[in-house]
Visitor: 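Structure incoming, see below.
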Amino acid sequence: MSTFVVSALMHEIQFYYMGRLWPTWEVTRFFLLHGACVVTEIWIKKLVKDRWRLPRLISTPMSVGFVMVTGFWLFIPQLLRCKSYVKASEEYAVLGAFVKDVVAGVVKKC
């Protein structure tokens with residue numbers, strides 16, 4: 001659980017520096033929820049041992065669905081709020097212009 005707490009705080013810091021917006025603590029709730037679920041899962045697996053297990057065909061979609069639902073609910077809104085997609089596209093445009101200038105310079109030398 002402590003790993004999830006540290007990861008939550010580190011992500012909050014990253015989102016603060018990306019958007020310069022005060023934390024909403026949604027990302028922290030995302031990680032704390034996942035940490036609590038992992039702790040609960042481990043506890044239940046120790047409790048039932050090998051007497052009962054969900055088939056992979058069921059457990060895998062449930063796990064992926066849980067991550068996707070909680071991600072869209074708690075994680076993605078923070079990305080949209082700090083407008084990281086705008087900053088990323090601006091950086092890609094600058095990188096593209098740089099590559100274009102480098103290629104143009106190499107072509108002129110040849």
Visitor: Please, which pairs that meet side chain to side chain donor-acceptor pair (under 3.5 Å) have at least one residue in residues 27-48, sequence neighbours excluded?
Guide: Glu12-Thr28, His34-Thr70, Glu41-Lys45
Visitor: Please write out which residues are connected to Val94 in a hydrophobic cluster, directly or through intermediates, given that two of Ile, Leu, Val, Met, Phe, Trp, Tyr count as joined at side-chain heavy-atom separations below 4.5 angstrom.
Guide: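 Grouped by the 4.5 Å side-chain rule, Val94 forms a cluster of one, so the answer is none.
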Visitor: How long is the gap from CG on Leu47 to CH2 on Trp52, to the nearest 0.5 Å?
Guide: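 Going from the CG atom of Leu47 to the CH2 atom of Trp52 covers 11.5 Å.
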Visitor: Apply the hydrophobic cluster definition, ILVMFWY joined by side-chain contacts under 4.5 Å directly or through others, and give me every member besides Tyr92.
Guide: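 Its cluster mates, by chain and number: none.
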Visitor: Mark yes when over 12 heavy atoms from residues, nucleotides or ligands other than Leu54 sit less than 6.0 Å from its CG; otherwise mark no.
Guide: yes
Visitor: Could you work out the complete set of other residues in the hydrophobic cluster of Phe66, with links drawn between I, L, V, M, F, W and Y side chains under 4.5 Å apart?
Guide: Phe4, Phe15, Met18, Val27, Phe30, Phe31, Leu33, Val38, Ile42, Val64, Met68, Phe72, Trp73, Leu74, Phe75, Ile76, Leu79, Leu80, Tyr85, Val86
Visitor: Would you say Ser63's side chain and Ser59's backbone share a donor-acceptor pair under 3.5 angstrom?
Guide: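 Side chain of Ser63 to backbone of Ser59: a pair is present.
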Visitor: Got a sec, which pairs hit salt bridge (Lys or Arg N to Asp or Glu O under 4.0 Å) with one end in residues 70-88, sequence neighbours left out?
Guide: none
Visitor: Restricting to non-hydrogen atoms, name the atom on Gly19 and the atom on Cys82 that form the minimum distance, rounded to 0.1 Å.
Guide: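 Nearest heavy atoms, Gly19 then Cys82: CA-CB, 3.7 Å.
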Visitor: Apply side chain to side chain contact (heavy atoms under 4.5 Å, CB included) to Val6 and list each qualifying residue two or more places apart in sequence or on a separate chain.
Guide: Met10
Visitor: If you take all heavy atoms of Gly71 and Pro77, which pair is closest and at what distance?
Guide: O-CD, 4.1 Å
Visitor: Taking side chain to side chain contact (heavy atoms under 4.5 Å, CB included) as the test, write out the residues that go with Val69, two or more places apart.
Guide: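 If we apply the side chain to side chain contact (heavy atoms under 4.5 Å, CB included) test to Val69, skipping adjacent residues, there are no hits.
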Visitor: What pairs of residues pass the salt bridge (Lys or Arg N to Asp or Glu O under 4.0 Å) test when at least one of them lies in residues 51-66, not counting sequence neighbours?
Guide: none
Visitor: Can you list the residues that meet the ring pair (Phe, Tyr, Trp, His ring centres under 6.0 Å) rule with Trp22, with sequence neighbours excluded?
Guide: Tyr16
Visitor: For residues 94-103, which residue pairs pass the side chain to side chain donor-acceptor pair (under 3.5 Å) check, not counting sequence neighbours?
Guide: none
Visitor: For Thr24, which residues count as a side-chain hydrogen bond (donor to acceptor under 3.5 Å, both in side chains) partner, sequence neighbours excluded?
Guide: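 Result, side-chain hydrogen bond (donor to acceptor under 3.5 Å, both in side chains) vs Thr24: Glu26, Gln78.
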